[in-house]
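Sequence lines set the chain letters: A, B, ... in the order given, protein chains first and strands last, and positions in each chain run from 1. Small disclaimer: the values here were computed from a predicted structure and weren't measured.
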Number of protein chains: 2
Amino acid sequence: MTGPVRRGGSSPVPRSADVARRAGVSQKTVSRVFNDEQYVSAEVRRRVLEAAEELGYRMNHAARALASGRSRSIGVVSLGTALYGPASLLIGVERAARDAGYALRVVNTMEGDPAGVAGAVDSLLEQGVDGIVISEPIDEGPVSLSTDVPVLVLGAPPAFAGPRAVTVGVGSDLLARAATEHLLDLGHTTVHHLAGPRRWYAARDRLEGWRAALTARGRDEPPVIEGDWSASSGYAAGRELASDRDVTAVFAANDDMAIGLIRALAEAGRRVPDDVSVVGFDDIPVSAYVTPPLTTVRQPFDAVAQEGLRLLVHAIEKPDTDPLAASDPPVDLVVRASTAPRPPRTTPGRERRTTSPPG
Amino acid sequence: MTGPVRRGGSSPVPRSADVARRAGVSQKTVSRVFNDEQYVSAEVRRRVLEAAEELGYRMNHAARALASGRSRSIGVVSLGTALYGPASLLIGVERAARDAGYALRVVNTMEGDPAGVAGAVDSLLEQGVDGIVISEPIDEGPVSLSTDVPVLVLGAPPAFAGPRAVTVGVGSDLLARAATEHLLDLGHTTVHHLAGPRRWYAARDRLEGWRAALTARGRDEPPVIEGDWSASSGYAAGRELASDRDVTAVFAANDDMAIGLIRALAEAGRRVPDDVSVVGFDDIPVSAYVTPPLTTVRQPFDAVAQEGLRLLVHAIEKPDTDPLAASDPPVDLVVRASTAPRPPRTTPGRERRTTSPPG
DNA sequence: TTGAAAGCGCTAACAG
DNA sequence: CTGTTAGCGCTTTCAA
């Protein structure tokens, strides 16, 4: 058995019994005070708090968790990437959790990690979390989570996780649809799509939204190009697309790819937005300052995280109540200078040459 | 007392005693197996593992923490921002911690948060973490950490934290110096600096490095402009700087600000790099694809996180040994197209007019 | 409104 | 190599 832990060789770490002795009350009363239970007289509460203060008492959460069966913490499974989306979501989740009185435990999964999400969830379960958030998962085969702990999945279809799963769509599809429609409204005959990796639900969502917009207007659906979210993959896609004079509008699944794409287009002599319009996705902080400033669609990361956590905490604390309904996040299209009306050009079937307006 | 927690209305959650019974050994032996202790025969180990598997046993970390006095977890205090630097550092820390067998608990502080770092540390201490990482702290007055837990401070001066503090400089000063020297080597008479917020140690570090480079060559030190890391603050700074024809080289404390700066310069008709050279800091993923591609200095976030965690884990596990020495991270200047030799111009003291080369 | 007693599931120390 | 015994610091239950 370990002796009492000492601090800097001075006094041992105080426990609630020490506080109780000093305040002249029972240990249970100290517990009551620190849990804000009722039935403690103001006077006793004051004495306890004072004694605790003097001793520098801090509650031992491990003991509390063991005795109560609840840890008051939430586990997050997140991708190990500095991408703006996942990072923003994590911040939102942390703040919402803290506001609700829960601590956060984080496990990252790496793409291609054999254990993957299931392993991460398992390690969180061992740690005794009261709830789990899976943020922007990627598809690595079916994950069956054999747990009773409520699971919130941010940005994946409902079928993704176990029995007590709460799902909050990040609304990517709606946003993607709005982005595509913006381009169509500008007169473009069709819109090309530079998608994220197929394994990501987020990428598939956006692809669906793009497709829906095209279908609704009976437009051709050009072949999809798949990137990996990086600017460099956007650049590669841009080189491909640049040679095709029929391409006048591209919707990229994130801003990084859009930026790479624009650079490739520019190097190939295709001007944005004069010759080609480009819409990005996310509204990363620099997108208003690149050349040209990027038209993009802002994701409400904070709102999604907050909303999701509200549902999760509800599922944790009121397991027998009906699950709360998730509301759809708002669409926020930010129109800047990377989109413009479709340039006059050869109409399919007829020969016609026009000069573009002075740039 | 709570009854045993049930899973989906089926069997109760198994504990080590259940595994022991099923495997026909003592509870302590199960504990030995799960802690990889020696002195367990291969046969017994196998039986235990098998029984555990069948029961779906998972160790209860709260109980372990309570009994052993160690939680095998590390707490991180991080800024609640999606900035590339802090986000990358967090990812690095998580991975290093996991590799070392520690779980991660995260608390974000918001700028202007009254409780601030001290409050965050306190909540981590309650959670019983074995060590604490403070990532890229900002200066909010002296923080005195009254704890025996080892603290790793990433990117702040040694004096920052308590008795058992380990500090790892992120080497910003060295990198900033290299960036400034690159500009000087290009023939620029002096280099202007667009700094981060004074409150950030990281910003002050970079400012020091810039100043050191200038001083070493006996150059004028132009007034510093302070931004807030955002592209928009870089843009504002750029508008100021653009009107001063003496400005031919600027070192921005991060890439976002550099990008905003370049845009303002371009709008004012000052070409980059022909008229003004700009160096950024961080090498964010898009910086190679903006216009012009940004010369910047890459921060070795992963190496810093790994190195720091190595020291922290050492301090946790071998408290009586000498602290390990931190090695300096390497300088990695990425030269792209935003920097060029100083343009010919009016030499101080003589009147001389030259036309700039065709752009 | 307060207190006493009995664990929560595990590890530490020691005995076999 | 394996088992026994006593807690870790709190919450729960029940009694006062």
Visitor: Rounded to whole Å, please give me the gap between CE in B:Met59 and P in C:dC10.
Guide: 8 Å

Visitor: Can you check the B:Arg21 CZ to C:dC10 C1' distance for me, whole Å?
Guide: 15 Å

Visitor: Using heavy atoms to find the nearest nucleotide of DNA chain C for A:Gly24 and B:Ser16 separately, return the residue whose nucleotide is more 5′.
Guide: A:Gly24

Visitor: Do the side chains of A:Ile132 and A:Leu125 get nearer than 4.5 Å, heavy atoms only?
Guide: yes

Visitor: Of all residues at least two apart in sequence or in a different chain, which pass the side-chain hydrogen bond (donor to acceptor under 3.5 Å, both in side chains) check with A:Asn108?
Guide: none

Visitor: Which residues in residues 25-41 of chain B have a heavy atom closer than 4.0 Å to any atom of DNA chain C?
Guide: B:Gln27, B:Lys28, B:Ser31, B:Asn35

Visitor: Tell me: CZ of A:Arg70 to C1' of C:dG9, nearest whole Å?
Guide: 19 Å

Visitor: Starting from P on C:dG9, measure out to NE2 on B:His61 and report it in whole angstrom.
Guide: 15 Å

Visitor: For A:Lys318, what residues pass the side-chain contact (heavy atoms from CB on, under 4.5 Å) criterion, not counting sequence neighbours?
Guide: A:His314, A:Thr321

Visitor: Give the rounded distance in Å between these two atoms: CD of A:Gln127 and P of C:dG9.
Guide: 18 Å

Visitor: Report the distance from atom CG of A:Asn60 to atom C1' of D:dG7, rounded to the nearest whole Å.
Guide: 14 Å

Visitor: May I have all residue pairs that pass ring pair (Phe, Tyr, Trp, His ring centres under 6.0 Å) and include part of residues 32-53 of chain A, sequence neighbours excluded?
Guide: A:Phe34-A:Tyr57

Visitor: Which whole-number value in Å describes the distance from B:Leu66 CG to D:dG9 P?
Guide: 7 Å

Visitor: If the condition is side-chain contact (heavy atoms from CB on, under 4.5 Å), which residues does B:Glu43 pass it with, not counting sequence neighbours?
Guide: B:Ser41, B:Arg46, B:Arg47

Visitor: Pick the nucleotide of DNA chain D nearest each of B:Ala63 and B:Arg45; which residue has the one closer to the 5' end?
Guide: B:Arg45

Visitor: Tell me which pairs pass salt bridge (charged side-chain N to carboxylate O under 4.0 Å, His left out) where either residue lies in residues 305-317 of chain A, with sequence neighbours left out.
Guide: A:Glu307-A:Arg310

Visitor: Mind calculating the distance between CZ (A:Arg15) and C1' (D:dG9) to the nearest angstrom?
Guide: 8 Å

